[in-house]
Amino acid sequence: MNEIVKLNEKDLDEFYHLYLYAFNNQDSEERRAFFDDRYNHSQVYGIRHRDKLSSGMLSIPLQVNFHGVTYKMNGIGDVMSYPEFGGHGAITDLMRQAFSDMRDDGVSLSYLAPFSYDFYRRFGYEEVFDRAVYQIKNTDLPRVKLSEERGTFLRLSLSEAISLIDEVYENNEQSRNGGLKREPWWWQYLSLKHPQWQVGVYLEDDKSASGYVIYEAAGDTFKIQELMYTNQLSYQYLQRFICQHESMFAKFEYADGDPKGYPDVMADPYTVDVHIRPYMMARIIDLQKFVNDYPFIQKVKTVRLAVKDDLIPQNNGIWRLKVNVNGTSFEKLSDNEQNMADIHLDIQNLTKAFMGYRRLGHLKRVGAINGNFDSIHNLEGALTAESPMLWDYF
(Lines give C-alpha, C1' and ligand atoms only; values in the text may rest on other atoms or scores of the structure.)
Protein backbone atom coordinates (compact mmCIF):
# COMPACT_ATOMS: atom_id res chain seq x y z
CA MET A 1 0.00 0.00 0.00
CA ASN A 2 1.18 3.50 -0.78
CA GLU A 3 1.97 5.75 2.18
CA ILE A 4 -0.50 8.64 2.18
CA VAL A 5 0.43 12.02 3.62
CA LYS A 6 -1.71 15.04 4.42
CA LEU A 7 -0.33 18.08 2.63
CA ASN A 8 -0.35 21.64 3.89
CA GLU A 9 0.73 25.14 2.87
CA LYS A 10 4.42 24.26 2.54
CA ASP A 11 3.52 21.61 -0.06
CA LEU A 12 1.43 23.95 -2.20
CA ASP A 13 4.09 24.66 -4.86
CA GLU A 14 4.93 21.00 -5.32
CA PHE A 15 1.24 20.08 -5.61
CA TYR A 16 0.70 22.91 -8.10
CA HIS A 17 3.48 21.70 -10.38
CA LEU A 18 2.06 18.18 -10.30
CA TYR A 19 -1.31 19.70 -11.26
CA LEU A 20 0.20 21.64 -14.17
CA TYR A 21 1.98 18.57 -15.52
CA ALA A 22 -0.81 16.04 -14.99
CA PHE A 23 -3.47 18.16 -16.70
CA ASN A 24 -1.16 19.77 -19.26
CA ASN A 25 -2.04 23.25 -17.99
CA GLN A 26 -0.09 26.45 -18.48
CA ASP A 27 0.99 28.52 -15.50
CA SER A 28 -0.50 32.00 -15.18
CA GLU A 29 -1.26 34.52 -12.45
CA GLU A 30 -5.01 33.94 -12.87
CA ARG A 31 -4.65 30.15 -12.68
CA ARG A 32 -2.42 30.35 -9.64
CA ALA A 33 -4.87 32.66 -7.86
CA PHE A 34 -7.89 30.35 -8.10
CA PHE A 35 -5.76 27.24 -7.59
CA ASP A 36 -4.30 28.58 -4.33
CA ASP A 37 -7.77 29.52 -3.08
CA ARG A 38 -9.13 26.03 -3.78
CA TYR A 39 -6.08 24.34 -2.25
CA ASN A 40 -6.29 26.41 0.94
CA HIS A 41 -9.94 25.42 1.46
CA SER A 42 -9.34 21.71 0.83
CA GLN A 43 -8.14 18.62 2.60
CA VAL A 44 -5.11 17.74 0.48
CA TYR A 45 -3.77 14.21 0.09
CA GLY A 46 -0.52 13.09 -1.46
CA ILE A 47 1.72 10.08 -1.99
CA ARG A 48 5.49 10.48 -2.06
CA HIS A 49 8.04 8.34 -3.82
CA ARG A 50 11.63 8.86 -2.66
CA ASP A 51 10.53 12.11 -1.07
CA LYS A 52 8.98 13.40 -4.30
CA LEU A 53 5.25 13.97 -4.61
CA SER A 54 4.02 11.38 -7.12
CA SER A 55 0.22 11.50 -6.71
CA GLY A 56 -2.29 13.88 -5.18
CA MET A 57 -5.95 14.68 -4.66
CA LEU A 58 -8.19 17.38 -3.18
CA SER A 59 -11.20 16.71 -0.98
CA ILE A 60 -13.16 19.96 -0.70
CA PRO A 61 -15.53 20.28 2.31
CA LEU A 62 -18.81 21.81 1.14
CA GLN A 63 -22.54 21.57 1.82
CA VAL A 64 -25.51 20.85 -0.45
CA ASN A 65 -29.22 21.57 -0.17
CA PHE A 66 -31.28 18.47 -0.92
CA HIS A 67 -34.96 19.42 -0.76
CA GLY A 68 -34.47 21.35 2.46
CA VAL A 69 -31.97 18.96 4.06
CA THR A 70 -28.41 20.25 4.39
CA TYR A 71 -25.93 17.45 3.75
CA LYS A 72 -22.19 17.74 4.21
CA MET A 73 -20.58 16.94 0.87
CA ASN A 74 -16.94 16.72 -0.15
CA GLY A 75 -16.11 17.53 -3.75
CA ILE A 76 -13.24 15.52 -5.17
CA GLY A 77 -10.84 17.32 -7.51
CA ASP A 78 -7.35 17.28 -8.99
CA VAL A 79 -7.03 13.49 -8.84
CA MET A 80 -3.64 13.01 -10.46
CA SER A 81 -0.32 11.22 -10.72
CA TYR A 82 2.85 11.70 -12.69
CA PRO A 83 2.70 9.22 -15.62
CA GLU A 84 5.59 7.11 -14.36
CA PHE A 85 3.72 6.41 -11.12
CA GLY A 86 0.37 5.47 -12.67
CA GLY A 87 -1.14 2.00 -12.45
CA HIS A 88 0.10 1.17 -8.94
CA GLY A 89 -3.10 1.68 -6.97
CA ALA A 90 -2.30 5.20 -5.81
CA ILE A 91 -5.74 6.61 -6.64
CA THR A 92 -7.51 3.75 -4.89
CA ASP A 93 -5.45 4.34 -1.76
CA LEU A 94 -6.13 8.08 -1.87
CA MET A 95 -9.86 7.49 -2.29
CA ARG A 96 -10.04 5.01 0.58
CA GLN A 97 -8.30 7.45 2.90
CA ALA A 98 -10.52 10.32 1.82
CA PHE A 99 -13.66 8.21 2.33
CA SER A 100 -12.51 7.24 5.82
CA ASP A 101 -11.82 10.86 6.76
CA MET A 102 -15.16 11.98 5.33
CA ARG A 103 -17.01 9.48 7.49
CA ASP A 104 -15.11 10.67 10.56
CA ASP A 105 -16.20 14.24 9.66
CA GLY A 106 -19.88 13.32 9.31
CA VAL A 107 -19.94 13.72 5.53
CA SER A 108 -22.90 12.09 3.77
CA LEU A 109 -22.12 12.65 0.07
CA SER A 110 -19.30 13.20 -2.39
CA TYR A 111 -19.43 14.68 -5.91
CA LEU A 112 -16.82 14.73 -8.67
CA ALA A 113 -16.41 15.59 -12.36
CA PRO A 114 -15.15 12.47 -14.16
CA PHE A 115 -12.65 12.28 -16.97
CA SER A 116 -14.00 8.73 -17.33
CA TYR A 117 -17.29 7.44 -15.93
CA ASP A 118 -16.04 3.86 -16.06
CA PHE A 119 -12.94 4.75 -14.02
CA TYR A 120 -14.83 6.43 -11.17
CA ARG A 121 -17.53 3.77 -11.04
CA ARG A 122 -14.79 1.61 -9.53
CA PHE A 123 -14.96 3.89 -6.50
CA GLY A 124 -18.73 3.78 -6.11
CA TYR A 125 -19.55 6.99 -7.99
CA GLU A 126 -22.39 7.12 -10.49
CA GLU A 127 -23.80 9.58 -12.98
CA VAL A 128 -26.39 11.66 -11.15
CA PHE A 129 -26.24 15.12 -12.73
CA ASP A 130 -27.02 15.89 -16.36
CA ARG A 131 -27.43 19.18 -18.20
CA ALA A 132 -29.75 20.39 -20.94
CA VAL A 133 -27.70 22.42 -23.42
CA TYR A 134 -29.71 24.87 -25.53
CA GLN A 135 -28.32 26.35 -28.74
CA ILE A 136 -30.07 28.91 -30.93
CA LYS A 137 -29.10 31.29 -33.74
CA ASN A 138 -29.38 35.02 -33.16
CA THR A 139 -31.89 35.27 -36.02
CA ASP A 140 -34.24 32.90 -34.16
CA LEU A 141 -34.25 34.73 -30.84
CA PRO A 142 -37.74 35.65 -29.62
CA ARG A 143 -39.06 39.18 -29.30
CA VAL A 144 -39.60 39.73 -25.60
CA LYS A 145 -42.31 42.06 -24.30
CA LEU A 146 -42.35 43.13 -20.68
CA SER A 147 -45.63 42.84 -18.81
CA GLU A 148 -44.62 46.09 -17.06
CA GLU A 149 -41.65 48.43 -16.76
CA ARG A 150 -40.34 48.48 -13.22
CA GLY A 151 -37.02 48.44 -11.40
CA THR A 152 -33.41 48.62 -12.56
CA PHE A 153 -31.11 46.39 -14.62
CA LEU A 154 -27.36 46.32 -13.89
CA ARG A 155 -24.42 44.80 -15.75
CA LEU A 156 -21.55 43.88 -13.41
CA SER A 157 -18.53 41.64 -13.03
CA LEU A 158 -19.15 38.51 -10.97
CA SER A 159 -17.12 39.83 -8.02
CA GLU A 160 -19.22 43.04 -8.03
CA ALA A 161 -22.49 41.11 -8.27
CA ILE A 162 -21.99 38.50 -5.54
CA SER A 163 -23.51 40.55 -2.72
CA LEU A 164 -26.64 41.12 -4.84
CA ILE A 165 -27.19 37.65 -6.28
CA ASP A 166 -26.17 35.24 -3.52
CA GLU A 167 -29.61 35.30 -1.90
CA VAL A 168 -31.35 34.79 -5.25
CA TYR A 169 -29.31 31.64 -5.76
CA GLU A 170 -29.75 30.43 -2.16
CA ASN A 171 -33.54 30.88 -2.23
CA ASN A 172 -34.10 29.52 -5.73
CA GLU A 173 -35.91 26.19 -5.91
CA GLN A 174 -33.53 24.93 -8.58
CA SER A 175 -30.52 25.23 -6.26
CA ARG A 176 -32.21 22.91 -3.75
CA ASN A 177 -32.19 19.68 -5.75
CA GLY A 178 -28.74 18.68 -4.56
CA GLY A 179 -27.10 21.96 -5.48
CA LEU A 180 -24.26 23.59 -3.60
CA LYS A 181 -24.86 25.89 -0.65
CA ARG A 182 -22.34 28.47 -1.76
CA GLU A 183 -20.21 29.83 1.03
CA PRO A 184 -18.59 33.28 0.58
CA TRP A 185 -15.23 31.74 -0.22
CA TRP A 186 -16.76 29.64 -3.01
CA TRP A 187 -18.36 32.68 -4.64
CA GLN A 188 -14.98 34.40 -4.49
CA TYR A 189 -13.32 31.30 -5.95
CA LEU A 190 -15.74 31.38 -8.89
CA SER A 191 -14.83 35.00 -9.60
CA LEU A 192 -11.12 34.16 -9.48
CA LYS A 193 -11.48 31.14 -11.75
CA HIS A 194 -13.76 32.88 -14.25
CA PRO A 195 -12.71 36.55 -14.50
CA GLN A 196 -14.40 36.70 -17.91
CA TRP A 197 -17.86 36.00 -16.47
CA GLN A 198 -20.26 38.92 -16.44
CA VAL A 199 -23.60 39.25 -14.68
CA GLY A 200 -26.86 40.89 -15.64
CA VAL A 201 -28.85 41.64 -12.48
CA TYR A 202 -32.48 42.71 -12.30
CA LEU A 203 -33.50 44.80 -9.26
CA GLU A 204 -37.28 44.80 -9.11
CA ASP A 205 -37.45 47.35 -6.29
CA ASP A 206 -34.19 49.15 -7.17
CA LYS A 207 -32.54 47.64 -4.07
CA SER A 208 -32.59 43.84 -3.96
CA ALA A 209 -32.10 41.43 -6.85
CA SER A 210 -34.92 39.19 -8.03
CA GLY A 211 -33.06 37.59 -10.94
CA TYR A 212 -29.66 37.32 -12.62
CA VAL A 213 -27.84 35.80 -15.55
CA ILE A 214 -24.15 34.86 -15.53
CA TYR A 215 -22.68 34.83 -19.04
CA GLU A 216 -19.52 35.19 -21.08
CA ALA A 217 -18.48 36.08 -24.61
CA ALA A 218 -16.93 33.05 -26.33
CA GLY A 219 -16.03 34.12 -29.85
CA ASP A 220 -19.29 34.50 -31.76
CA THR A 221 -21.26 32.73 -29.02
CA PHE A 222 -23.08 34.29 -26.07
CA LYS A 223 -22.68 31.55 -23.43
CA ILE A 224 -25.02 31.56 -20.46
CA GLN A 225 -23.56 29.90 -17.38
CA GLU A 226 -26.39 30.39 -14.93
CA LEU A 227 -29.91 31.83 -15.03
CA MET A 228 -31.90 32.35 -11.83
CA TYR A 229 -35.18 34.24 -11.45
CA THR A 230 -37.93 34.49 -8.86
CA ASN A 231 -41.02 35.57 -10.81
CA GLN A 232 -42.39 36.26 -14.27
CA LEU A 233 -41.17 39.86 -14.43
CA SER A 234 -37.57 38.98 -13.53
CA TYR A 235 -37.69 36.18 -16.12
CA GLN A 236 -38.87 38.64 -18.80
CA TYR A 237 -36.18 41.20 -17.96
CA LEU A 238 -33.46 38.55 -18.15
CA GLN A 239 -34.82 37.23 -21.46
CA ARG A 240 -34.88 40.73 -22.91
CA PHE A 241 -31.34 41.46 -21.75
CA ILE A 242 -30.04 38.28 -23.39
CA CYS A 243 -31.87 38.95 -26.65
CA GLN A 244 -30.56 42.53 -26.77
CA HIS A 245 -27.17 40.99 -27.65
CA GLU A 246 -28.48 39.59 -30.95
CA SER A 247 -26.42 41.99 -33.09
CA MET A 248 -23.21 41.11 -31.23
CA PHE A 249 -23.32 37.30 -31.39
CA ALA A 250 -24.26 34.76 -34.06
CA LYS A 251 -25.13 32.00 -31.58
CA PHE A 252 -26.52 31.73 -28.07
CA GLU A 253 -25.93 28.77 -25.74
CA TYR A 254 -27.14 27.86 -22.26
CA ALA A 255 -26.03 24.82 -20.24
CA ASP A 256 -28.92 24.42 -17.81
CA GLY A 257 -28.60 22.52 -14.54
CA ASP A 258 -32.19 21.35 -15.04
CA PRO A 259 -31.70 18.36 -17.37
CA LYS A 260 -35.26 18.00 -18.66
CA GLY A 261 -35.07 20.32 -21.65
CA TYR A 262 -37.88 22.76 -22.45
CA PRO A 263 -37.97 23.52 -26.20
CA ASP A 264 -41.63 24.51 -25.81
CA VAL A 265 -40.57 27.87 -24.32
CA MET A 266 -39.95 28.94 -27.92
CA ALA A 267 -42.75 29.92 -30.29
CA ASP A 268 -41.20 27.47 -32.77
CA PRO A 269 -39.39 24.67 -30.86
CA TYR A 270 -37.61 23.66 -34.09
CA THR A 271 -35.46 26.80 -33.85
CA VAL A 272 -33.65 25.60 -30.73
CA ASP A 273 -31.39 22.55 -30.44
CA VAL A 274 -31.58 20.84 -27.06
CA HIS A 275 -29.05 18.19 -26.07
CA ILE A 276 -28.96 16.30 -22.78
CA ARG A 277 -25.34 15.85 -21.71
CA PRO A 278 -23.86 13.94 -18.75
CA TYR A 279 -22.30 16.25 -16.19
CA MET A 280 -21.13 15.05 -12.78
CA MET A 281 -21.14 11.99 -10.54
CA ALA A 282 -22.05 11.40 -6.90
CA ARG A 283 -21.83 8.70 -4.28
CA ILE A 284 -23.17 8.18 -0.78
CA ILE A 285 -20.38 8.17 1.80
CA ASP A 286 -22.26 7.43 5.04
CA LEU A 287 -25.35 5.43 4.10
CA GLN A 288 -26.87 5.35 7.57
CA LYS A 289 -26.53 9.09 8.10
CA PHE A 290 -27.75 9.89 4.61
CA VAL A 291 -30.91 7.79 4.93
CA ASN A 292 -31.68 8.91 8.49
CA ASP A 293 -31.61 12.54 7.32
CA TYR A 294 -33.40 11.88 4.01
CA PRO A 295 -36.56 13.94 3.27
CA PHE A 296 -38.96 11.04 2.59
CA ILE A 297 -42.22 12.28 1.06
CA GLN A 298 -44.44 9.52 2.46
CA LYS A 299 -44.38 6.56 4.83
CA VAL A 300 -42.39 3.42 4.05
CA LYS A 301 -43.51 0.01 5.25
CA THR A 302 -40.64 -2.05 6.59
CA VAL A 303 -38.29 -2.98 3.75
CA ARG A 304 -34.95 -4.79 3.82
CA LEU A 305 -32.23 -3.47 1.52
CA ALA A 306 -29.19 -5.51 0.55
CA VAL A 307 -26.50 -2.95 -0.29
CA LYS A 308 -23.17 -3.72 -1.94
CA ASP A 309 -20.34 -1.22 -1.49
CA ASP A 310 -16.83 -2.48 -2.24
CA LEU A 311 -14.99 0.67 -1.12
CA ILE A 312 -16.82 1.60 2.09
CA PRO A 313 -17.50 -1.62 4.03
CA GLN A 314 -19.65 0.16 6.65
CA ASN A 315 -22.31 0.66 3.95
CA ASN A 316 -22.22 -2.98 2.91
CA GLY A 317 -24.85 -5.39 4.21
CA ILE A 318 -28.56 -5.84 4.94
CA TRP A 319 -30.42 -2.75 6.16
CA ARG A 320 -33.95 -2.48 7.54
CA LEU A 321 -35.80 0.74 6.70
CA LYS A 322 -39.09 1.98 8.09
CA VAL A 323 -40.59 5.48 7.86
CA ASN A 324 -43.71 6.45 9.83
CA VAL A 325 -45.12 9.26 12.01
CA ASN A 326 -42.37 8.60 14.55
CA GLY A 327 -39.64 9.30 12.00
CA THR A 328 -37.10 7.22 10.11
CA SER A 329 -35.65 3.96 11.39
CA PHE A 330 -32.68 2.62 9.45
CA GLU A 331 -30.50 -0.06 11.00
CA LYS A 332 -28.07 -2.69 9.82
CA LEU A 333 -29.14 -6.31 10.32
CA SER A 334 -26.14 -8.07 8.76
CA ASP A 335 -22.76 -7.31 7.18
CA ASN A 336 -23.41 -9.89 4.45
CA GLU A 337 -25.32 -8.34 1.55
CA GLN A 338 -25.94 -11.84 0.14
CA ASN A 339 -28.48 -12.60 2.86
CA MET A 340 -32.22 -12.47 2.26
CA ALA A 341 -33.64 -9.03 1.48
CA ASP A 342 -36.54 -7.38 -0.35
CA ILE A 343 -34.36 -5.30 -2.68
CA HIS A 344 -30.76 -5.99 -3.75
CA LEU A 345 -28.74 -3.08 -5.18
CA ASP A 346 -25.26 -1.61 -5.17
CA ILE A 347 -24.31 1.80 -3.75
CA GLN A 348 -24.31 3.38 -7.22
CA ASN A 349 -27.91 2.49 -8.01
CA LEU A 350 -29.02 3.33 -4.49
CA THR A 351 -27.46 6.78 -4.96
CA LYS A 352 -29.26 7.18 -8.29
CA ALA A 353 -32.64 6.25 -6.81
CA PHE A 354 -32.47 8.24 -3.58
CA MET A 355 -31.20 11.38 -5.33
CA GLY A 356 -34.04 11.24 -7.85
CA TYR A 357 -31.93 10.54 -10.93
CA ARG A 358 -33.65 7.24 -11.75
CA ARG A 359 -36.77 5.58 -10.37
CA LEU A 360 -36.43 2.21 -8.67
CA GLY A 361 -38.99 0.71 -11.06
CA HIS A 362 -36.87 1.74 -14.05
CA LEU A 363 -33.73 0.29 -12.47
CA LYS A 364 -35.60 -2.99 -11.91
CA ARG A 365 -36.84 -3.11 -15.51
CA VAL A 366 -33.35 -2.66 -16.96
CA GLY A 367 -31.83 -5.25 -14.62
CA ALA A 368 -29.75 -2.83 -12.53
CA ILE A 369 -31.38 -3.97 -9.26
CA ASN A 370 -33.32 -6.99 -8.05
CA GLY A 371 -36.35 -7.05 -5.78
CA ASN A 372 -40.03 -7.83 -5.44
CA PHE A 373 -42.55 -5.47 -7.00
CA ASP A 374 -44.38 -4.54 -3.78
CA SER A 375 -41.21 -3.52 -1.95
CA ILE A 376 -39.91 -1.50 -4.89
CA HIS A 377 -43.28 0.25 -5.29
CA ASN A 378 -43.46 0.89 -1.53
CA LEU A 379 -40.02 2.55 -1.38
CA GLU A 380 -40.22 4.31 -4.75
CA GLY A 381 -43.27 6.30 -3.70
CA ALA A 382 -41.39 7.82 -0.77
CA LEU A 383 -38.35 9.01 -2.77
CA THR A 384 -38.09 12.34 -4.54
CA ALA A 385 -38.79 12.13 -8.26
CA GLU A 386 -37.32 15.55 -9.07
CA SER A 387 -34.13 15.53 -11.12
CA PRO A 388 -30.99 16.54 -9.20
CA MET A 389 -29.51 19.81 -10.45
CA LEU A 390 -26.02 21.24 -10.20
CA TRP A 391 -24.40 24.37 -11.65
CA ASP A 392 -21.01 24.10 -9.93
CA TYR A 393 -17.91 22.14 -10.93
CA PHE A 394 -15.00 20.72 -8.93
Requested in this report: Among Q225, K223, Q198, find the one that has a side chain to side chain donor-acceptor pair (under 3.5 Å) with E216.
Outcome: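 The side chain to side chain donor-acceptor pair (under 3.5 Å) with E216 is passed solely by Q225 among Q225, K223, Q198.
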**Report entry** Candidate list R121, Q348, R358, test side chain to side chain donor-acceptor pair (under 3.5 Å), partner E126, passing option
**Finding:**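 Looking at R121, Q348, R358, the match for E126 under the side chain to side chain donor-acceptor pair (under 3.5 Å) is R121.
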What do you reckon, is [atom1] of [X] surrounded by more than 12 foreign heavy atoms closer than 6.0 Å?
X    : atom1 : answer
Q232 : CD    : no
K260 : NZ    : yes
H275 : NE2   : yes
Y393 : OH    : no
Q196 : CD    : yes
E30  : CD    : no
E148 : CD    : yes

Inter-residue atom distance [X].[atom1] - [Y].[atom2], 0.5 Å rounding:
X    : Y    : atom1 : atom2 : result
N336 : Q338 : CG    : CD    : 6.0 Å
I165 : I214 : CD1   : CD1   : 4.5 Å
L141 : Q239 : CG    : CD    : 10.0 Å
F119 : I91  : CZ    : CD1   : 5.5 Å
R176 : N171 : CZ    : CG    : 5.5 Å
I284 : K352 : CD1   : NZ    : 13.0 Å

Would you call [X] and [Y] a salt bridge, taking side-chain N to carboxylate O under 4.0 Å as the test?
X    : Y    : answer
R31  : D27  : no
K308 : D310 : yes
R32  : D37  : no

Query - salt bridge (Lys or Arg N to Asp or Glu O under 4.0 Å) partner of E246, the single match among K137, R240, R143 - result: R143
Show every ring pair (Phe, Tyr, Trp, His ring centres under 6.0 Å) that has at least one partner inside [range], sequence neighbours left out.
range            : result
residues 326-369 : Y294-F354, W319-F330
residues 71-110  : Y21-Y82, H49-F85, Y71-F290
residues 130-155 : F153-F241

Find out whether [X] and [Y] are in side-chain contact, i.e. whether some heavy atom of one side chain is under 4.5 Å from a heavy atom of the other.
X    : Y    : value
L112 : M95  : yes
K251 : F222 : no
W187 : L192 : no
L287 : K332 : no

Using a distance-only test with no angle check, is there a side-chain donor-acceptor pair under 3.5 angstrom linking [X] and [Y]?
X    : Y    : value
Q97  : D101 : yes
Q314 : D309 : no
Q135 : D273 : no
S334 : N339 : yes
W186 : D392 : yes
S55  : S81  : yes
D78  : Y39  : no

Pair up each side-chain donor or acceptor in residues 320-329 with any protein partner under 3.5 Å, not counting sequence neighbours, and list the distances.
| unit_1 | atom_1 | unit_2 | atom_2 | d |
| --- | --- | --- | --- | --- |
| R320 | NE | E331 | OE2 | 3.3 |
| R320 | NH2 | E331 | OE2 | 2.3 |
| N324 | OD1 | N326 | N | 2.9 |

Requested in this report: Taking side chain to side chain donor-acceptor pair (under 3.5 Å) as the test, write out the residues that go with E226, two or more places apart.
Outcome: R182, Y212
Report summary line: side chain to side chain donor-acceptor pair (under 3.5 Å) filter on S234, not counting sequence neighbours, yields N231
Query raised in the report: What residues join L333 in its hydrophobic cluster, counting side-chain heavy atom gaps under 4.5 Å, either direct or through other members?
Result: I318
Spell out, as yes or no, whether a donor-acceptor pair under 3.5 Å connects the side chain of [X] to the backbone of [Y].
X    : Y    : result
D220 : A250 : no
E160 : S157 : yes
N292 : Q288 : yes
D140 : I136 : no
Q236 : S147 : yes
E337 : N316 : no

Requested in this report: Over all heavy atoms of both residues, which pair between V107 and M73 is shortest? Give the atoms and the distance, please.
Outcome: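 Distance-wise, the nearest heavy atoms are CG1-CA, 4.0 Å.
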Report task. For I224 and V213, run side-chain contact (heavy atoms from CB on, under 4.5 Å): C-alpha distance rounded to whole Å, both residues' side-chain angles, the deciding distance at 0.1 Å, then the answer. Result -> CA-CA 7 Å; I224 300 169; V213 56; 3.7 Å; yes
Requested in this report: Quick one: do V307 and L350 satisfy side-chain contact (heavy atoms from CB on, under 4.5 Å)? Show the steps, please.
Outcome: CA-CA 8 Å; V307 181; L350 190 150; 3.7 Å; yes
Who passes ring-ring contact (aromatic ring centres under 6.0 Å, His included) against [X], sequence neighbours left out?
X    : value
F129 : Y111
Y270 : none
Y254 : none

**Report entry** Sequence-distant partners of S175, side-chain contact (heavy atoms from CB on, under 4.5 Å), two or more places apart
**Finding:**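 Per chain and number, S175 pairs via side-chain contact (heavy atoms from CB on, under 4.5 Å) with Y169, N172.
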Query - Pairs where residues 201-212 contributes a residue and the test salt bridge (charged side-chain N to carboxylate O under 4.0 Å, His left out) is met, not counting sequence neighbours - result: R150-E204
**Report entry** Derivation and outcome, salt bridge (Lys or Arg N to Asp or Glu O under 4.0 Å), residues R48 and D11
**Finding:** CA-CA 11 Å; R48 294 190 177 280; D11 304 297; 2.9 Å; yes
